[in-house]
Amino acid sequence: MGAERALNAAGFVRKVGITFVWGEGRRPWDADFASQNEDGSFPADTEFVWHVERARYDAILVDCARRAGVEIWSEARAARCLRREGRVAGAVVERKGEAVRVSSRMLIDASGLNGFVEEARAARKWLADLKNVASYGYFKNARWPRIYPGHPDKTRTFICSRPEGWFWYIPLGRGLVSVGLVARAAQARRREGREMRELFLAAARRAPELRPLLDGASLVAGMDPSNPERDFFTAADWSYEAGRAAGPGWLACGDAAFFIDPLLSSGVLMA
Ligand SMILES: Cc1cc2nc3c(=O)[nH]c(=O)nc-3n(C[C@H](O)[C@H](O)[C@H](O)COP(=O)(O)OP(=O)(O)OC[C@H]3O[C@@H](n4cnc5c(N)ncnc54)[C@H](O)[C@@H]3O)c2cc1C
């Protein structure tokens, strides 16, 4: 599809591993995809993945798929499965105020946590022990010291545990870092909107590793194309045990098929 070439050209930051500060010992330790040179830099041919801005990344994939001949309907919603002789045989799609019947030999459910195919949704077991809530935002003017996220050309995800839960710190570009806090849902219960935002910012200020990185940084809007004004986000209820990811005439992929904890930032790669 030419996606790799397009992604290389997009200039996304390259991730070469993860730095953790976890538990009581606050010494940072790394889990890198390759060994560092003696001076702490990485060899030119180090294995890497990209740290992408999701909206830009999705737009690149859509563009590559379209060029490869895929017909893409935006502003459409798959409403229900069509079934024939015990198999999934297509979907009814709501588009421009009409219900369109689309038949398929194999339907791929890539609907994320929503889950489109009922058999897969019904077979999910929700994990009470992992009932978490995430608060997150994107900061401009945040720092990238080598000890934590690495270097602007080859970076690491930085993860640190805190009494409230754990933080991610993911450099996305020279001026942009994604910062999020994953906390127990029980602690965050009954708090929403502005209060969640203030709690998130206060928790980041209390974290000794994050405070100096975020000194002088501020939240930016414009990261969510569906709501360009927003500069703070929350997410909840993403942890489930998958019971079923395929059946006659259908298969699921990504979050529709299985849950992956965001700790290792591997969800999009797996999807
Ligand atoms: C707090 C948190 C932090 C995370 N951090 C990271 C990270 O740092 N790195 C990483 O790689 N992953 C991360 N993940 C995981 C990552 O977000 C998911 O694994 C990834 O988005 C899954 O991709 P997907 O395409 O399967 O689903 P999604 O990204 O959810 O996409 C599904 C799409 O299907 C559409 N859709 C749903 N239902 C329908 C329907 N009926 N008809 C038409 N369209 C429909 C939705 O609108 C959406 O566009 C994180 C997750 C959480 C909860």
Side-chain angles (χ1 to χ4, degrees), residues 3 7 12-15 17-19 48-62 65 72-82 88 90-96 99-100 102 104 107-118 120-121 124 126-127 130-138 149 155-159 164-172 176-185 188 196 200 223-227 232-240 242 245 250-271:
L7 288 168
F12 290 123
V13 171
R14 293 173 176 209
K15 167 184 171 180
I18 308 176
T19 301
F48 66 90
V49 294
W50 289 287
H51 272 174
V52 298
E53 288 164 47
R54 186 70 196 269
R56 273 182 69 209
Y57 172 72
D58 285 353
I60 289 170
L61 293 189
V62 165
I72 295 170
W73 295 357
S74 32
E75 310 293 324
R77 192 183 79 88
R80 64 180 172 83
C81 287
L82 289 172
V88 169
V92 176
V93 179
E94 290 167 0
R95 188 187 184 214
K96 296 181 181 164
V100 185
V102 181
S104 63
L107 179 139
I108 298 179
D109 181 355
S111 62
L113 277 176
N114 278 5
F116 174 63
V117 175
E118 198 193 325
R121 237 180 19 243
R124 287 179 184 174
W126 294 90
L127 303 175
L130 285 176
K131 242 182 162 342
N132 291 326
V133 172
S135 323
Y136 61 101
Y138 301 87
T155 189
R156 300 192 189 95
T157 301
F158 173 49
I159 302 284
E164 301 89 345
W166 60 271
F167 273 100
W168 76 72
Y169 189 91
I170 305 179
L172 295 175
L176 192 67
V177 174
S178 160
V179 182
L181 170 65
V182 177
R184 289 252 170 236
M196 287 284 279
F200 164 68
M223 298 302 291
D224 176 2
S226 68
N227 191 346
F232 174 71
F233 305 85
T234 55
D237 296 334
W238 60 79
S239 311
Y240 70 87
W250 68 275
L251 63 86
C253 68
D255 279 9
F258 47 77
F259 143 73
I260 299 194
D261 197 278
L263 186 64
L264 297 179
S265 299
S266 50
V268 172
L269 179 76
M270 300 301 282

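Since we're looking at a predicted model, the values are computed, not measured. Indexing begins at 1, ligand by ligand and atom by atom, following the structure's order.
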Parallel, tilted or perpendicular for Tyr136 and Phe233, by the 30°/60° rule?
parallel
Sorted by chain and residue number, the residues having a heavy atom closer than 4.0 Å to an atom of ligand 1 are Arg54, Ala76, Arg77, Ala78, Ala110, Ser111, Gly112, Asn114, Ala134, Trp168, Ile170, Trp238, Gly254, Asp255, Pro262, Ser265, Ser266, Gly267, Val268, Ala271
Sequence neighbours left out, what passes side-chain hydrogen bond (donor to acceptor under 3.5 Å, both in side chains) with Trp238? Give chain and number order.
none
Return yes if a side-chain donor-acceptor contact under 3.5 Å exists between Thr157 and His51, otherwise no.
yes
Please list, one pair per line, the donor and acceptor atoms closer than 3.5 Å that link side chains of residues 260-271 to other protein atoms, with sequence neighbours excluded.
| unit_1 | atom_1 | unit_2 | atom_2 | d |
| --- | --- | --- | --- | --- |
| Asp261 | OD1 | Leu263 | N | 2.9 |

Under the ring-ring contact (aromatic ring centres under 6.0 Å, His included) rule, collect the residues that match up with Trp73, sequence neighbours excluded.
none
Could you tell me how the ring of Phe167 sits relative to the ring of Phe200: parallel (under 30°), tilted (30 to 60°) or perpendicular (over 60°)?
tilted
